[in-house]
Amino acid sequence: MGVVTQARFPWPEASSTGVGSYPGDDPDEAVRTILGELPDLPHLPELPARGAGADMIGRTAGLLVDLPVEVQPTAWRVVQRPGRDLTRATDFLRYDVDALEEHANAYRGPLKIQVAGPWTLAAGIELRSGEKLLADHGAVADLTESLIEGVRAHISDVRTRVPGADLLVQVDEPSLPSALAGAVPTASGYGRLPAIDRATVEDRLRGLFGAIADAAAFPLAHCCAASPPIDLLRRSGARALSLDATLLTRAHDEHIGVAVEAGAGLFLGVVASTDSVLSDAADTVDPVRELWNRVGFAPEGLAATVVTTPTCGLAGTSPTHARAALTACRTAARVLRDEPRR
């Protein structure tokens, strides 16, 4: 691939961060832990253990403008007017941002927040008819515009609360590979929704990533699936890609190489996100060092381009493992800086 033209990233060399979710239900404790364990690139934690409204779909649905939803037995569903489910979702997010303001008001540096992307939302929210919103292209367009407005307001709110923050906005798209492959189940579960045209996917995402950039924030995309659409996300305007490094194969090398050569950063999941015995830091980062070597970039650029993370969110782990995983990510980042070659 040759020499990487280093882009200016908002994070310092040898940074680490979390994917988003965290165990427990206390925003103050979660924010304090994140700030302590991830001093170079903290993030606003998500606490889905609190229930509906704190989950990935409900949390972002609380940001939507003029598109109210509520919880149904099968999923979140579009409704005519806001109700208590939406109020609970917005309250949860407000509690989290309040905690962030209290503990990070004087913080200066990069800070990451997360939202679900339009395609994952469309696969997880039902229309009033009961079918998934993903089945209606016009509804997806409306959803994307509503999301863009909500994300702009969220960026403004967080920036007001933490004025020294250099914001990164992570767009979570775990359902995107299934939507592209025509593998998203219908609401009944007996069929599959048709595959979404890649040009349409790119167009919707470009609108969201562009709005994030226009708001002077750094747009990145997260997809921890086994077959992440790396090239599509890069072309859509994501300036960094968050991926599970343990799932990447040689088949991904070319797309990753092109992305890095074009100036994209990489957030690579290297630490187990489930309760388990954590590996030695040098072994943990081996997949990253091997990938970097395969694509042919100079080792000196590795720690500036790559941010280490857990393989996925930590909501399903114990608090003890979650804290240990973040410590391991921080150690792994230093190994990439000090020992970029094995």
Side-chain angles (χ1 to χ4, degrees), residues 11 15-27 29-50 54-57 59-60 96 112-117 120 124 168 170-178 220-228 230 240-249 252 265-291 306-336:
W11 58 83
S15 288
S16 56
T17 193
V19 171
S21 68
Y22 201 77
D25 57 9
D26 184 341
E29 180 180 355
V31 168
R32 285 197 302 268
T33 300
I34 296 297
L35 289 170
E37 295 293 337
L38 303 170
D40 292 327
L41 181 46
H43 65 94
L44 178 64
E46 304 162 358
L47 306 174
R50 292 176 294 186
D55 61 291
M56 178 177 64
I57 300 298
R59 183 180 180 86
T60 303
D96 296 345
K112 181 168 71 71
I113 59 178
Q114 304 83 218
V115 296
T120 293
L168 292 80
Q170 174 181 302
V171 176
D172 292 320
E173 281 287 13
S175 298
L176 180 55
S178 295
L220 66 128
H222 170 68
C223 183
C224 56
S227 300
I230 294 169
L241 304 170
S242 178
L243 311 166
D244 182 346
T246 67
L247 297 178
L248 297 176
T249 68
H252 300 108
L266 296 175
F267 285 50
L268 296 181
V270 295
V271 174
S273 57
T274 55
D275 288 321
S276 60
V277 177
L278 296 177
S279 303
D280 175 77
D283 294 332
T284 295
V285 297
D286 265 351
V288 178
R289 293 189 289 198
E290 291 169 5
L291 167 66
V306 173
V307 175
T308 54
T309 75
T311 54
C312 201
L314 295 170
T317 70
S318 67
T320 299
H321 177 84
R323 186 186 289 269
L326 297 183
T327 301
C329 288
R330 196 170 68 248
T331 303
R334 290 199 295 264
V335 171
L336 289 181

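The first residue of the sequence shown is numbered 1, and numbering continues consecutively from there.
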Run the side-chain contact (heavy atoms from CB on, under 4.5 Å) test on Thr120 and Asp172 for me, step by step, so that the C-alpha distance in whole Å, both residues' side-chain angles and the decisive distance to 0.1 Å come before the verdict. CA-CA 8 Å; Thr120 293; Asp172 292 320; over 6 Å; no
Taking the side chain as everything from C-beta on, heavy atoms only, tell me whether [X] gets closer than 4.5 Å to [Y].
X: Leu243; Y: Phe267; value: no
X: Leu47; Y: Asp25; value: no
X: Thr309; Y: Val270; value: no
X: Pro310; Y: Leu326; value: yes
X: Val288; Y: Leu291; value: no
X: Thr17; Y: Leu168; value: no
X: Val335; Y: Thr308; value: no
X: Ile230; Y: Leu241; value: yes

Check whether any side-chain N or O of [X] sits under 3.5 Å from a backbone N or O of [Y] as a donor-acceptor pair, and report yes or no.
X: Lys112; Y: Gly20; answer: no
X: Ser21; Y: Ala315; answer: yes
X: His321; Y: Ser318; answer: no
X: Thr33; Y: Glu29; answer: yes

Does a salt bridge link Arg59 with Asp96, judged by any charged N lying under 4.0 Å from a carboxylate O?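 Salt bridge: yes.
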Please report the closest heavy-atom contact between [X] and [Y], naming both atoms and the distance.
X: Ser227; Y: His252; answer: CA-NE2, 4.3 Å
X: Leu268; Y: Ala245; answer: CB-CB, 4.1 Å
X: Gly269; Y: Asp244; answer: O-OD1, 3.7 Å
X: Leu247; Y: Cys224; answer: CD1-O, 3.4 Å
X: Pro23; Y: Leu314; answer: CD-O, 3.3 Å
X: Ala322; Y: Thr317; answer: CB-OG1, 3.5 Å

Could you please spell out the steps behind the side-chain contact (heavy atoms from CB on, under 4.5 Å) verdict for Tyr22 and Arg323? CA-CA 9 Å; Tyr22 201 77; Arg323 186 186 289 269; 4.2 Å; yes
Return the CG to OG distance between Asp40 and Ser15, rounded to the nearest 0.5 Å.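 Atom-to-atom, Asp40:CG and Ser15:OG are 4.5 Å apart.
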Kindly determine whether Leu38 and His43 satisfy side-chain contact (heavy atoms from CB on, under 4.5 Å), including the steps that lead there. CA-CA 8 Å; Leu38 303 170; His43 65 94; 3.8 Å; yes
With respect to Ser242, which candidate in His222, Gln170, Glu173 satisfies the side chain to side chain donor-acceptor pair (under 3.5 Å) definition?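 By the side chain to side chain donor-acceptor pair (under 3.5 Å) criterion, Ser242 pairs with just one of His222, Gln170, Glu173: His222.
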Step by step, work out the side-chain contact (heavy atoms from CB on, under 4.5 Å) result for Leu220 and Val171. CA-CA 6 Å; Leu220 66 128; Val171 176; over 6 Å; no
State whether a side-chain donor-acceptor pair under 3.5 Å links Thr311 with Thr246.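 Checked: Thr311/Thr246 side chains show no N/O donor-acceptor pair below 3.5 Å.
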